[in-house]
Amino acid sequence: MEPIEIGLWVSGGLLVMVVLGMRVAFAAGMAGLVGLVWLRWNGFDYDPARFWKAVEISVKIAGLTPHSKVSAQVLSLIPVFIMIGYLAYYAKLTTALFEACKRWFAWVPGGLAVSTVFSTAGFAAVSGASVATAAVFARIAIPEMLKIGYNKQFAAGVVAAGGTLASLIPPSAILVIYAIIVEQDVGKLLLAGFIPGAFSAIVYAILIIGIAVMFKSVGPAVTGFTWRERFVSLPPALPIVAVVVIIIFFVYNPFGDAWGTPTEGGAVGAFIVFLMALYRGMRWGQLKEALLETAKLTVMIFSIIWGVLIYVRFLGFAELPEAFADWITSLEMSPMVILICILLAYAVLGMFMDAIGMLLLTLPVVYPAVMALNGGEFVSAADSAFGMSGPMCAIWFGILVVKMAEFCLITPPIGLNCFVVAGVRDDLNVQDVFRGVAPFFVADAVTIALLVAFPGIVLWLPSLAG
């Protein structure tokens, strides 16, 4: 049997295990190990006497592969970014940020919902976890909206959709994972996420205002804040701005050399938020809770990475990524049409898988195909299909797939953010949240279409970094 055939059979088995409900980490690790054994035994012509030798070799490969990748320094960004988010919650930065946004934006139709979106975007700038963002603002923003008569389904949908912005706005754990898998510059990817993330928040806000204008009962405006009250609300939220500035300057300094690595920038940002949390009265129990939650989420992410890396190593031996890239480039369609089909496939796949697992499982096969469509890893902009160089295409595609991962966080039946919001609020069930979040599918579709049509939205900032 050819290695590619083995790759297809094992990949099919992996999809079956995931659809049946097995955790991605275990399914990927098991599929990768079985595939390695199968390939090795196939090389021994299925000699029964050499089966255990095939097992021994495969187990060694599977054991060494995760450590060789996970020991990379850049992965230390993930727990640092997650910890910033939890510490910011106990530093009461989330409450301060929501209050500031409320005083500045609540006067527009649907103002509290708009304030929620902008405050989740601000919190996303210090938190790399969408789930944490959704959970925090389900406690803060939904009661405020219900108090003045918002439809509870719409209020829940706003929080669930707003929470997805943490996937794109740096610091973003998913962007770091993408950079590791495709071996691209983490700093440039983090820079590339800022403008699309802010753009997504603005599109959400426009959608909310439009809905509130058409349906007066959905989101009444809140007025009465004086200019003095608005300006007084800004200083308590300034630490978030400080953290954002620090991370930017550690990634890209427009006035000279960068101050350090993204990891160092994240560590400094975490220390600042930690000091702020202590200043604002964080107790030992709260610090312990923040560290435990950071550890739990980090272990979950790393477990998925470990399992998927074994599967990725198997794919490399099976030569499936190269075969898929060759097939994609041989299709009688324009590269842009093929790219759109790939993005639509992500939308469907995301209905049944979590965002991180989906990207980890698909990128080893899809990424080489997209790069081949553009003309290769090292193609110049003049010779490319999408009008950008190989490295810029890698960044652009990364933002697109992470935006698709955001989209998948609110699509049924998996929609993790929707389950989190429903779990936090006793007065909501998950069906309420899915109904409330439905209009934001349109906003995400518009955003993705504009990012595809106008790559400069994504590439302007990273192009400045050289």
Side-chain angles (χ1 to χ4, degrees), residues 72 74 77 167-170 172 174-200 247-254 256-258 261-262 312 316 321-331 333-343 345-346 359-360 362-405 447-466:
V74 71
L77 274 171
S167 295
L168 198 56
I169 298 176
S172 166
I174 294 184
L175 277 176
V176 174
I177 291 170
Y178 173 86
I180 293 296
I181 293 296
V182 305
E183 298 180 348
Q184 290 296 321
D185 187 292
V186 174
K188 288 185 178 180
L189 275 162
L190 292 176
L191 275 178
F194 274 107
I195 294 179
F199 185 74
S200 295
I247 291 175
I248 289 176
F249 273 78
F250 269 86
V251 173
Y252 165 64
N253 179 4
D257 294 333
T261 66
V312 169
E322 294 86 346
F324 184 72
D326 291 340
W327 176 71
I328 285 289
T329 53
S330 70
L331 294 175
M333 291 189 289
S334 73
M336 187 58 73
V337 171
I338 296 173
L339 175 66
I340 292 171
C341 290
I342 289 173
L343 296 178
Y346 270 115
L359 294 188
L360 284 169
T362 58
L363 282 175
V365 175
V366 173
Y367 172 78
V370 172
M371 297 304 290
L373 277 178
N374 190 50
E377 292 272 356
F378 307 105
V379 69
S380 66
D383 299 326
S384 65
F386 298 132
M388 62 193 77
S389 66
M392 287 294 106
C393 181
I395 293 172
W396 178 57
F397 180 64
I399 297 301
L400 291 179
V401 295
V402 169
K403 182 61 188 175
M404 291 307 301
T447 301
I448 292 165
L450 291 173
L451 294 181
V452 171
F454 304 101
I457 298 172
V458 175
L459 299 178
W460 181 67
L461 268 182
S463 67
L464 296 179

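All residue numbers refer to positions in the sequence shown, counting from 1. Bear in mind the structure is a predicted one, so any value in this text is a computation, not a measurement. No hydrogens, no waters, no symmetry mates; every other heavy atom, side chains included, goes into these values.
- Residues P455 and F386 form no side-chain contact, since every pair of their non-hydrogen atoms from C-beta on lies 4.5 Å or further apart.
- A donor-acceptor pair under 3.5 Å is formed between the side chain of W396 and the backbone N or O of L451.
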Verdict with supporting geometry, Q184 and Y367, side chain to side chain contact (heavy atoms under 4.5 Å, CB included): CA-CA 12 Å; Q184 290 296 321; Y367 172 78; 3.1 Å; yes

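- Separating the CE atom in M336 from the SG atom in C341 is a distance of 12.0 Å, to the nearest 0.5 Å.
- Minimum interatomic distance between C393 and M388 (heavy atoms only, all atoms of both residues): CA-SD, 3.5 Å.
- Of the residues listed (I395, V402, V176), the one engaging L189 in a side-chain contact (heavy atoms from CB on, under 4.5 Å) is I395, and it is the only one.
- Taken to the nearest 0.5 Å, the CG atom of L190 stands 8.5 Å off from the CG atom of D185.
- Judged by distance alone, the side chain of N374 and the main-chain N or O of V379 form no donor-acceptor pair under 3.5 Å.
- Residues L359 and I177 form no side-chain contact, since every pair of their non-hydrogen atoms from C-beta on lies 4.5 Å or further apart.
- Looking at S200 and K403, their side chains come closer than 4.5 Å, going by heavy atoms from C-beta outward.
- Put simply, the side chain of Y346 never gets that close to the backbone of M404: no donor and acceptor are under 3.5 Å apart.
- Taking every heavy atom of both residues into account, A192 and P196 meet most closely at O-CD, 2.9 Å.
- Within the model, atoms CD1 of I340 and CE of M333 stand 10.5 Å from one another, a figure rounded to the nearest 0.5 Å.
- Between F397 and V366, the closest side-chain pair of non-hydrogen atoms falls below 4.5 Å.
- The two residues G387 and S384 come nearest to each other via the heavy atoms N-OG, 3.0 Å.
- The minimum heavy-atom distance between G193 and L175, with the atom names listed, is CA-CD1, 4.4 Å.
- Residue P368 comes nearest to V365 through the heavy atom pair CD-O, 3.4 Å, listed as atom of the first residue, atom of the second, then distance.
- Residues S167 and I174 come closest through the heavy atom pair OG-CD1, 3.8 Å.
- Put simply, the side chain of I399 reaches to within 4.5 Å of the side chain of L168, judged on heavy atoms.
- Atom CG of residue L461 and atom CZ of residue F194 lie 8.0 Å apart, to the nearest 0.5 angstrom.
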Please report the C-alpha distance between I328 and L373 in whole Å, then the side-chain angles of each, then the deciding distance to 0.1 Å, and finally whether the side chain to side chain contact (heavy atoms under 4.5 Å, CB included) criterion is met. CA-CA 7 Å; I328 285 289; L373 277 178; 3.6 Å; yes

